[in-house]
Amino acid sequence: MLHGYNPPHRYLPYLSWTEIADLPDKENTVIVLPTGATEQHGPHLPCAVDTVISAGVVGHALARLPADVPAFAMAPITYGKSEEHLHFPGTVTLSGETLLATMNEVGESVYRAGFRKLLFVNGHGGQPQVMEMCARELRLRHGDFIVVPSFTWRVPHVAGKFLSDKEKRLAMHAGHGETALMLALAPDTVHMERAVVNYPPVFDSPLLSPDGRPACAWSARDFGPSGIIGDPLPATAEQGHAILDSLAVSWAAAITELHKLQWAPRAEPTWGRAHHTGHIEHPSALA
């Protein structure tokens, strides 16, 4: 648990195996997996930003859920696909293949335990494609598995009312929004006196990039030595708390929707991988 964000009664690793086995209605219980990264976020933020934000938002969302909505957070994945930040000390990266294999195996473990609804809340912009590939693979293997890959910032939130037009267009990393959220979630790790402004050059191709964001592949070092891509200077803790509250409300609503969602199962045999079938222990064996 990071900074105590998750309500203990909604943190799956705190349950014993017998408690998990005896959970009612596991088919409609939502398992939420925060996925982050360990990578540079400029001189003013810690390398744990993406993990802290994804896990923090999930924890605050679960705390808002009605008691009759069954949902649990898993321990976050703290290492991601971060090659675009390799030039900076502190960045720890997995290859895309390793991350995909990890996500698939975590998903298999969730399915094997009897759960059928899995939500990825991804906090790192360098790996959404891996999340989508994993969700598709798990669905191909299990026709009754609902796997939703999403992004922490995808749901409605109020960050936009604090950001400049330039920040909305060009900021991508360690800018205003992330800095404000970290001031709310982990203020002891933020050093605003070290923050600087740094934007990428405008990508001058309106057809390939209408807003001017880089449409080509890039690494953070392409834009200078700070590692920042945006303007963190206007960020405040008050803004961060407002953003966090809005994200938590939206994610609590999304988790509730997923709990209620019914999706057509596929009866045809799965495309096989290991660990799909076999004996699963039951508490009745202890009697």
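Atom set for the values below is all heavy atoms of this structure, side chains included, hydrogens, waters and symmetry mates excluded.
Each of Thr93, Thr35, Leu99, Thr38 was checked for a side chain to side chain contact (heavy atoms under 4.5 Å, CB included) with Tyr79, and the lone residue meeting it is Thr38. Checked options Arg116, Glu108, Arg266; the residue passing with His142 is Glu108 (criterion: side-chain hydrogen bond (donor to acceptor under 3.5 Å, both in side chains)).
Minimum heavy-atom separation, Val196 to Ser226: CG2-CB, 3.8 Å. Smallest separation of non-hydrogen atoms from Leu185 and Gly56: CD2-CA, 4.0 Å. Contact record, Phe223 with Pro214: CZ-CG, 3.8 Å, taken as the closest heavy-atom pair. Nearest heavy-atom pair, Ala242 versus Val158, reported as atom, atom and distance to 0.1 Å: O-CG2, 3.6 Å. Contact detail for Ser150 and Trp251: the closest heavy-atom pair is OG-CH2, 3.5 Å.
Under 4.0 Å is where a charged nitrogen must lie from a carboxylate oxygen, and between Arg169 and Glu167 no such pair does.
When atom types are taken as modelled, the side chain of Ser250 and the backbone of Leu247 share no donor-acceptor pair closer than 3.5 angstrom. Counting only distance, with no hydrogens or angles, the side chain of Ser209 and the backbone of Pro206 share no donor-acceptor pair below 3.5 Å. Of the possible polar contacts, none joining the Glu178 side chain to the Ile53 backbone as a donor-acceptor pair under 3.5 Å is found. Formation of a donor-acceptor pair under 3.5 Å by the His191 side chain with backbone atoms of Glu193 is not found in this model. Using a distance-only test at 3.5 Å, with no hydrogens or angles considered, a donor-acceptor pair links the side chain of His124 to the main chain of Lys81. No donor-acceptor pair closer than 3.5 Å links the side chain of Arg136 to the backbone N or O of Leu140. Listed for the Lys117 side chain is no donor-acceptor partner under 3.5 Å among the backbone atoms of Val147.
Under the side-chain contact (heavy atoms from CB on, under 4.5 Å) criterion, Ala184 pairs with His241, sequence neighbours left out. Remark: His44 engages Thr179 in a side chain to side chain donor-acceptor pair (under 3.5 Å) (not counting sequence neighbours). For Thr91, the side-chain contact (heavy atoms from CB on, under 4.5 Å) partners at least two apart in sequence or on another chain are Glu39, Gln40, Ser82, His85, Phe88. With sequence neighbours excluded, the residues satisfying side-chain contact (heavy atoms from CB on, under 4.5 Å) with Phe72 are Leu12, Leu15, Leu23, Thr29, Ile31. For the salt bridge (charged side-chain N to carboxylate O under 4.0 Å, His left out) test, residues two or more places apart in sequence or in another chain that qualify with Arg64 are Asp245.
Counting only residues at least two apart or on different chains, the salt bridge (charged side-chain N to carboxylate O under 4.0 Å, His left out) pairs with a member in residues 211-234 are Asp211-Arg213.
Cluster annotation: Phe145 is connected to Met131 through the hydrophobic network of ILVMFWY side chains, with a link wherever side-chain heavy atoms come within less than 4.5 Å. Met103 and Met133 fall within the same hydrophobic cluster, where Ile, Leu, Val, Met, Phe, Trp and Tyr residues are linked whenever their side-chain heavy atoms come under 4.5 Å apart, directly or through other members. A single hydrophobic cluster is not seen to contain both Leu45 and Val197; linkage of ILVMFWY side chains at heavy-atom distances under 4.5 Å, directly or through other members, places them apart. When hydrophobic clusters are built by joining Ile, Leu, Val, Met, Phe, Trp and Tyr residues whose side-chain heavy atoms come closer than 4.5 Å, directly or via intermediates, Ile229 is not grouped with Leu181. Follow the hydrophobic side-chain contacts under 4.5 Å out from Ile228 and you never reach Met192; the two are in separate clusters.
Counting heavy atoms from C-beta outward, Thr256 and Lys260 have side chains that approach closer than 4.5 Å. Contact check for Val32 versus Met74: no side-chain heavy atoms found under the 4.5 Å cut-off. Between Asn28 and Asp25 there is a side-chain heavy-atom pair separated by less than 4.5 Å. Looking only at side-chain heavy atoms (C-beta outward), Pro234 and His176 come within less than 4.5 Å of each other. Between Leu33 and Leu119 the shortest side-chain heavy-atom distance does not fall below 4.5 Å. For the pair Thr152/Asn122, no side-chain contact is recorded, criterion being any heavy-atom separation below 4.5 Å from C-beta on. Side-chain contact between Met172 and Pro200 is present, with at least one heavy-atom pair separated by less than 4.5 Å. Proximity of Glu137 to Cys134: side-chain heavy atoms (C-beta onward) are nowhere separated by under 4.5 Å.
If you take CG on Leu233 and OG1 on Thr236, they are separated by 12.5 Å, rounding to the nearest 0.5 Å.
No side-chain donor-acceptor contact under 3.5 Å links Asn6 and Tyr14.
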